[in-house]
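Below is one structure, written out as structure tokens, with a few remarks after it.
Counting starts at 1 for both ligands and their atoms, following the listed order. Only heavy atoms go into these numbers, but all of them, side chains included; no hydrogens, no water, no symmetry mates. Everything numeric in this text was worked out from a predicted model, so none of it was measured.
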Amino acid sequence: MPPAVLTNADLSTFLDTSDEWIISRTGMKERRIAHVTALELSTVAASRALACAGLQATDVDLIIYGSCSNEEAVPNSASGVQAALGATHAASIDLNTACTSFLYGLATATAMIRTGMARNAVVIGVELISRYMDWSNRNVAVLFGDGAAAVVLQASDVESGLIGSVLGCDTEARASLRVRGVGCGYAGRGITLGDTTWDFDGPVIFKRAVRAMADASTKVMQQHGVTADDVDLVVPHQANLRIIEAVAKQAGVPMAKVMLTVEQYGNMSAATVPVALVEALETGRVKPGSLLLMPGFGGGLTWCSMLVRWGSRVTPLGSSDRALPPLTTTALDLVNSIRASQDPHGRSATGLQSPVFAEQHR
Ligand code: UT7
């Protein structure tokens with residue numbers, strides 16, 4: 001996780017919002033703002049995941065970069081992580097289904113392992129939303145944060161890992177969540193990368209997210225002959241505490257069985273589920289053989305729910321000393337630096353050329 005913490009009070013210094021509103025509507029108190037690139041976050045996460053699995057980078061034959069935060073469209077981001085890791089034998093794929101990108105990456109890597117196309121896969125969930133957030137829009141700016149985490153999947157004769165998945169997409173609400181200003185559709189329209197504004201219909205997304213995640217969770221449990229009582233831990237997408245509570249209620253799982261990170265990290269889009277999974281492991285909430293339920297939704301509106309049977313080991317085989325560079329500024333300074341490159345409508349005149357970030361565009 002990036003170390004710089006942006007509090008609700010920090011947000012109140014430049015937005016008409018309050019700690020009370022944000023906590024009561026979302027359950028969020030803090031989120032992180034990265035002082036490095038998404039590639040650096042991903043490389044640290046992937047290196048640590050490989051060390052936990054006792055693998056070398058050269059053992060990896062598949063890297064999936066699950067995210068909607070890319071440094072560039074070409075070359076893809078997964079290849080940048082591959083280069084930084086020295087994973088010389090890997091295939092590298094970027095996968096963007098917005099907030100569900102990590103979970104869809106898990107399904108994709110599992111399918112590729114099952115069909116023999118890969119044996120050792122790294123799946124990353126990462127997001128650097130602070131760079132294209134419209135910091136003048138309180139409807140969205142208070143909700144999101146940066147982060148990254150990664151897992152290693154390996155071929156195995158034991159039935160563990162991703163044992164069930166239900167995936168879909170509610171395109172009727174496709175227009176309810178859109179980041180304008182990034183993509184080919186904006187070429188020639190006088191908008192440069194970073195000139196982002198957000199279409200965001202919170203209440204519409206809220207209702208459809210609850211229904212889709214609850215229905216997908218019920219379906220995936222039915223498909224695999226398990227009930228809510230059999231589930232040891234729910235590791236859900238963390239967009240709003242109230243959404244999580246509603247999904248847990250409809251799926252019949254008590255909140256005591258739900259892993260929560262929304263209070264300290266907010267919504268990190270594709271990074272939320274893997275970060276929550278790592279924290280669940282590190283706090284002893286995942287036991288050998290645990291049955292995990294992982295519901296998610298995101299722009300599109302893509303949705304899914306996954307069943308994971310954890311393997312027999314919950315302790316890492318090794319550790320990596322790969323770490324992020326030291327933090328030399330505050331989260332609020334980082335955000336103010338981005339804001340300084342945006343006009344009052346969230347438009348950027350110069351892209352991200354401020355001194356704080358200039359070094360990252362090498
Ligand atoms: O990962 C996928 C991403 N999308 C989501 O997760 C979005 C899901 N939706 C939500 O989480 C919720 O809909 C929100 C948290 C976005 C909003 O909560 P809500 O209970 O649906 O809010 P509301 O629509 O009932 O209330 C909105 C009011 C408006 O004021 P009026 O029109 O009622 O006077 C907003 O202007 O709250 C106001 N508002 C704020 N006030 C203070 C909106 N944002 C803020 C804010 N601070 N940051």
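- Considering every non-hydrogen atom in both Glu71 and Ala38, the closest pair reads OE2-N, 3.1 Å.
- Annotation: atom 17 (C) of ligand 1 to nearest protein heavy atom, Trp21 CH2, 4.1 Å.
- Under the 3.5 Å distance criterion, with hydrogens and angles disregarded, a donor-acceptor pair is assigned to the side chains of Ser92 and Gln82.
- Atoms of ligand 1 found under 4.0 Å from any heavy atom of Asn139, numbered from 1 in the order shown, are 43 (C), 44 (N).
- For Asp146 (side chain) and Ile129 (main-chain N/O), a donor-acceptor pair under 3.5 Å exists by modelled atom type.
- Nearest protein neighbour of atom 6 (O) of ligand 1, counting heavy atoms only, is Ala239 CB, 3.0 Å.
- Shortest contact from atom 35 (C) of ligand 1 to any protein heavy atom: Arg138 NH2, 3.8 Å.
- With hydrogens left out, the protein atom closest to atom 24 (O) of ligand 1 is Pro203 CG, 3.5 Å, a heavy atom.
- Less than 4.0 angstrom separates atom 44 (N) of ligand 1 from at least one non-hydrogen atom of the protein.
- In summary, the atoms of ligand 1 found under 4.0 Å from a heavy atom of Arg242, numbered by their order in the structure, are 18 (O), 19 (P), 20 (O).
- Near Thr17, meaning under 4.0 Å from any of its heavy atoms, are these atoms of ligand 1: 42 (C), 46 (C), 47 (N), 48 (N).
- Residue Arg285 qualifies as enclosed at atom CZ: its count of foreign heavy atoms under 6.0 Å is above 12.
- Near Asn240, meaning under 4.0 Å from any of its heavy atoms, are these atoms of ligand 1: 10 (C), 11 (O), 12 (C), 15 (C).
- You'll find the ring centres of Phe144 and Trp198 inside the 6.0 Å limit.
- Ligand 1 has Ile243 within reach: a non-hydrogen atom of the residue lies less than 4.0 Å from it.
- Each of Trp303, Phe297, Phe102 was compared with His237 under the ring pair (Phe, Tyr, Trp, His ring centres under 6.0 Å) criterion, and only Phe297 meets it.
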(message) Set out, in order, the CA-CA distance, both residues' side-chain angles and the distance that settles side chain to side chain donor-acceptor pair (under 3.5 Å) for Thr302 and Thr100, then state yes or no.
(response) CA-CA 7 Å; Thr302 60; Thr100 57; 2.7 Å; yes

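- The side-chain heavy atoms of Leu277 and Val275, taken from C-beta on, include no pair separated by under 4.5 Å.
- Below 3.5 Å of separation, one finds no N or O of Phe200 facing any N or O of ligand 1.
- Within the 4.5 Å cutoff, the side chain of Tyr65 has no heavy atoms near those of the Ile93 side chain.
- Each of the following atoms of ligand 1 lies closer than 4.0 Å to a heavy atom of Cys99: 1 (O), 2 (C).
- The single protein non-hydrogen atom nearest to atom 2 (C) of ligand 1 is Phe297 CE1, 3.5 Å, given as residue, atom name and distance.
- Among all protein heavy atoms, the one lying closest to atom 13 (O) of ligand 1 is Gly202 C, 3.1 Å.
- When each of Asp134, Thr197, Asp199 is tested with Arg180 by the rule side-chain hydrogen bond (donor to acceptor under 3.5 Å, both in side chains), just one qualifies, namely Asp199.
- Residue-ligand proximity, Val142 to ligand 1, at heavy-atom distances under 4.0 Å covers atoms 48 (N).
- The side chain of Thr26, and not its backbone, has at least one atom closer than 4.0 Å to an atom of ligand 1 (non-hydrogen atoms only; side chain from C-beta on).
- Inter-residue side-chain proximity for Met1 and Val278 is flagged as unmet; no heavy-atom pair is nearer than 4.5 Å.
- Contact annotation for atom 47 (N) of ligand 1: protein present (non-hydrogen atoms, distance under 4.0 Å).
- For the atom pair CG (Leu301) and OG1 (Thr171), the distance works out to 9.0 Å, reported to the nearest 0.5 Å.
- In terms of protein heavy atoms, atom 3 (C) of ligand 1 is closest to Asn267 ND2, 3.7 Å.
- In terms of protein heavy-atom proximity, atom 25 (O) of ligand 1 is closest to Arg25 NH1, 3.0 Å.
- Checked against a 3.5 angstrom limit, the closest N/O atoms of Ser18 and ligand 1 fall outside it.
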